[in-house]
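To start, the structure itself, in structure tokens.
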Amino acid sequence: MAHGAREEYVEQVLSVVERIPAGRVMTYGDVAEFLGKGGPRQVGWVMSHFGGAVPWWRVVRADGRPADCHAGEAIRRLRAEGTPFAGLASERVDMARARWDGA
DNA sequence: AGCCTGACAGATA
DNA sequence: GTATCTGCCAGGC
């Protein structure tokens with residue numbers, strides 16, 4: 001389809017994010033690597049424009065911290081669904097326990 | 001084409 | 001711990 005490449009990529013990114021179980025997270029890089037195309041920045045681009053329809057708070061940066069522009073809201077939602085954090089007062093997700101590979 | 005920007009990542013100081 | 005740089009891929013001008 002025309003300009004379909006972009007929309008198709010958007011669809012694929014959103015479908016992966018949609019499948020992330022509650023209490024788990026994926027990094028931007030993980031999503032891109034799982035799809036086998038694009039990169040962390042492309043996933044970020046998709047989320048910024050179409051992420052509103054999926055559990056966007058389950059996509060975090062590689063260090064376990066949500067993106068800066070919605071950090072507070074994301075952390076609140078992650079805590080609400082029982083996502084493990086690096087510390088009680090930490091704003092970083094415990095990646096060793098919460099990281100999901102997409103399988 | 002060139003240049004800047006970005007919900008990123010890794011390395012380095 | 002923070003600050004900065006480079007690599008990455010795509011969009012907008």
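Letters A, B, ... mirror the listed sequences (proteins, then strands); counts begin at 1.
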### Query
Is there a side-chain contact between A:Asp94 and A:Phe85, using heavy atoms and a 4.5 Å cut-off?
no
### Query
Any side-chain heavy-atom pair from A:Val17 and A:Arg58 closer than 4.5 angstrom?
no
### Message
Going by side-chain hydrogen bond (donor to acceptor under 3.5 Å, both in side chains), name the residues that satisfy it together with A:Arg19, two or more places apart in sequence or in a different chain.
### Response
none
Separation between [atom1] of [X] and [atom2] of [Y], rounded to the nearest 0.5 Å:
X	Y	atom1	atom2	answer
A:Arg76	A:Trp57	CZ	CH2	10.0 Å
A:Asp63	A:Arg92	CG	CZ	6.5 Å
A:Trp45	A:Tyr28	CH2	OH	14.5 Å
A:Met26	A:Met95	CE	CE	9.5 Å
A:Arg79	A:Glu91	CZ	CD	9.5 Å
A:Lys37	A:Tyr9	NZ	OH	7.5 Å

### Message
At a heavy-atom distance below 4.0 Å, what parts of residues 90-103 of chain A sit against DNA chain B?
### Response
none
### Task
Select base, sugar-phosphate, or nothing to describe what A:Arg41 touches, counting heavy atoms under 4.0 Å on all strands.
base
### Task
Please name the pair of heavy atoms, one in A:Ser15 and one in A:Gln12, separated by the smallest distance, quoted to 0.1 Å.
OG-O, 3.0 Å
### Query
Roughly how many Å is it from CD in A:Glu33 to P in C:dC9, rounded to a whole number?
13 Å
#### Entry: Near-strand residues of residues 11-29 of chain A, defined as heavy-atom separation under 4.0 angstrom from DNA chain C
none
### Query
Who passes side chain to side chain contact (heavy atoms under 4.5 Å, CB included) against A:Ala98, sequence neighbours left out?
A:Val25, A:Thr83, A:Pro84, A:Val93
### DNA chain B: 5'-most and 3'-most nucleotides touching chain A, 4.0 angstrom heavy-atom criterion
B:dG6 to B:dG10
### Task
Please assess A:Glu81 against A:Arg77 for the test salt bridge (charged side-chain N to carboxylate O under 4.0 Å, His left out), listing each intermediate value before the final yes or no.
CA-CA 6 Å; A:Glu81 61 187 31; A:Arg77 288 174 178 271; over 6 Å; no
### Message
A:Arg99 vs A:Thr27, test: side-chain contact (heavy atoms from CB on, under 4.5 Å). Steps then yes/no.
### Response
CA-CA 8 Å; A:Arg99 197 173 200 171; A:Thr27 70; 3.8 Å; yes
Between the protein and nucleotides 10-13 of chain C, which nitrogen or oxygen pairs are less than 3.5 angstrom apart?
| from | atom 1 | to | atom 2 | distance (Å) |
| --- | --- | --- | --- | --- |
| C:dA10 | O4' | A:Gln42 | OE1 | 3.0 |

